[in-house]
Amino acid sequence: MKFEEIYERGYSYKESFFYGDMLEDSKLYEFPEGVFLLGKTSEDMELLWGVNNLEDLRSSIEKIKKENPDIKFIFRYGNSLNEVIEKEKIINQWGYKGKEIYVGYSCTLDNITCQEDSSSIEYLKREDINEFLIFDRYLFDSLNITKNQLTTRLDDDHHIILVYKKNKKIIGSIIIELYGRNNINCFIRNVGVSEVERGKGFGKRLILSGLKEAKKKGALKAMLWVGYDNIIARNLYEKIGFVLDESEAEVIFQV
């Protein structure tokens, strides 16, 4: 069965999380309770799922764990912010602790301008791929981009990958994905600055430079995810012009 067909089946259930590009070598599970796909959507093994109620998700995860005792994987729950907060409490009782709640922010790009110094910001070069991957894993503890994904995205017109360099070393990065008809929308996948360089405006410059490049490619609206408790980052996004969308939230659980 093709991935598109599996995703479509997953979406048909009352409760589901079928998002992200699943890499090859994934495994499909079809139970009476629902449909499940275990594989890599990033460096992490992830379980995508579709069920009619959460109790079916719980019992199915137990079945999949028994079949794969040596595999650690994550699964996510997404809904409105209030719903995610409520369901996180329920799933915590199963023995799976949520890593962090992420919330959605969006903005239109009409009034976004880049007046910051962007002279140290450049598109990622192939010779810097390995350094970028190490930096990405330093910044983020889950959903890290793979080398194959990164190499592929350097070759297409739907991704913008910028790095901020200081003394020829990467100290900041941003990945933006363009989607929709004529690239009308863009999604900030990852943005971050090394810990010792934070608070100096580098993150703002990266975001504004990335959005400027997205506008050149036709983007009119931007969206991103950020940790609900990451007040510093949320304040930065709001100063740039992003607005909290409480209808978009998700939480990651480790199995």
Side-chain angles (χ1 to χ4, degrees), residues 17 19-21 41-42 76-85 99-124 136 139-140 142-145 149 153 156-164 171-194 197-252:
F17 196 102
Y19 299 101
D21 297 325
T41 54
S42 60
R76 290 184 273 177
Y77 180 86
N79 211 312
S80 68
L81 177 57
N82 289 337
E83 190 74 11
V84 166
I85 291 173
K99 286 187 173 184
E100 187 174 11
I101 291 177
Y102 293 87
V103 290
Y105 271 82
S106 63
C107 76
T108 58
L109 302 187
D110 296 342
N111 299 318
I112 298 293
T113 58
C114 182
Q115 298 176 336
E116 306 283 333
D117 177 19
S118 58
S119 58
S120 298
I121 298 175
E122 61 186 54
Y123 274 85
L124 177 66
D136 184 69
L139 286 178
F140 309 106
S142 62
L143 301 176
N144 299 104
I145 192 168
Q149 286 175 320
R153 290 170 186 180
D156 69 41
D157 292 327
H158 300 294
H159 289 87
I160 297 164
I161 305 174
L162 302 178
V163 293
Y164 200 118
I171 62 164
S173 64
I174 186 170
I175 300 176
I176 297 178
E177 179 180 353
L178 296 122
Y179 63 98
R181 187 175 182 181
N182 298 321
N183 290 334
I184 195 171
N185 300 307
C186 69
F187 175 73
I188 298 178
R189 185 184 188 275
N190 276 343
V191 59
V193 175
S194 63
E197 301 292 350
R198 291 171 189 168
K200 301 177 182 179
F202 297 146
K204 182 180 180 182
R205 293 174 198 172
L206 272 168
I207 295 167
L208 291 176
S209 295
L211 294 179
K212 179 181 177 181
E213 293 301 307
K215 285 177 70 174
K216 289 180 182 178
K217 293 177 177 287
L220 301 178
K221 184 177 180 180
M223 190 265 183
L224 58 84
W225 292 97
V226 61
Y228 183 64
D229 294 325
N230 192 344
I231 303 303
I232 293 176
R234 289 178 60 185
N235 286 340
L236 170 60
Y237 297 138
E238 289 170 8
K239 288 178 182 177
I240 290 173
F242 282 86
V243 177
L244 174 65
D245 181 358
E246 293 194 0
S247 69
E248 296 279 357
E250 69 174 43
V251 59
I252 302 173

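When a residue number appears, it is its place in the shown sequence, counting from 1.
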For this session: Under the side-chain hydrogen bond (donor to acceptor under 3.5 Å, both in side chains) rule, collect the residues that match up with N185, sequence neighbours excluded.
Result: none
Exercise. About how many Å separate NZ of K217 and CD1 of I176, when rounded to the nearest 0.5 Å?
Worked result: 10.5 Å
For this session: State the CG-CD1 distance between L81 and I101, to the nearest 0.5 angstrom.
Result: 6.5 Å
Exercise. Going by heavy atoms in the side chains, are L162 and S209 under 4.5 Å from each other?
Worked result: yes
For this session: Flag the pair Y102 / E248 as yes when at least one side-chain heavy-atom distance between them is below 4.5 Å, and no otherwise.
Result: no
Exercise. Hey, are the side chains of N190 and I174 touching, using non-hydrogen atoms and a 4.5 Å cut-off?
Worked result: no
Exercise. Do L206 and V193 touch side chain to side chain, with heavy atoms closer than 4.5 Å?
Worked result: yes
Problem set entry | Minimum side-chain heavy-atom gap E122-V163 below 4.5 Å | yes
Problem set entry | Heavy-atom closest contact (L109 atom, C186 atom, distance) | CD1-SG, 4.4 Å
For this session: Decide yes or no for Y179 and F187: does some side-chain heavy atom of the first lie under 4.5 Å from some side-chain heavy atom of the second?
Result: yes
Problem set entry | Check ion pair R189-E177 (N to O, under 4.0 angstrom) | no
Exercise. Between V191 and I175, is any pair of side-chain heavy atoms under 4.5 Å apart?
Worked result: no
Exercise. To the nearest 0.5 Å, what is the distance between CD (E246) and CD1 (I85)?
Worked result: 8.5 Å
Exercise. Which value, rounded to the nearest 0.5 Å, describes the distance between H159 atom NE2 and I145 atom CD1?
Worked result: 7.0 Å
For this session: Output yes when a side-chain donor or acceptor of N79 lies under 3.5 Å from a complementary backbone atom of E250, and no otherwise.
Result: no
Problem set entry | Residue pairs, two or more places apart or on separate chains, that pass side-chain hydrogen bond (donor to acceptor under 3.5 Å, both in side chains) and touch residues 226-238 | Y105-R234, Y105-E238
Exercise. Between the side chains of S247 and D245, does any donor sit under 3.5 Å from an acceptor?
Worked result: yes
Problem set entry | I232 side chain near L236 side chain, heavy-atom distance below 4.5 Å | no
Exercise. If you measure only the distance, is there a donor-acceptor pair under 3.5 Å linking the side chains of E213 and Y123?
Worked result: yes
Seminar exercise, completed: Value for SG (C107) from CG (L224), rounded to nearest 0.5 Å, stands at 8.0 Å
Seminar exercise, completed: Note: N183 and D157 closest approach over all heavy atoms is ND2-O, 4.1 Å
For this session: Output the distance between atom CD (Q149) and atom CZ (R153), rounded to the nearest 0.5 Å.
Result: 4.5 Å
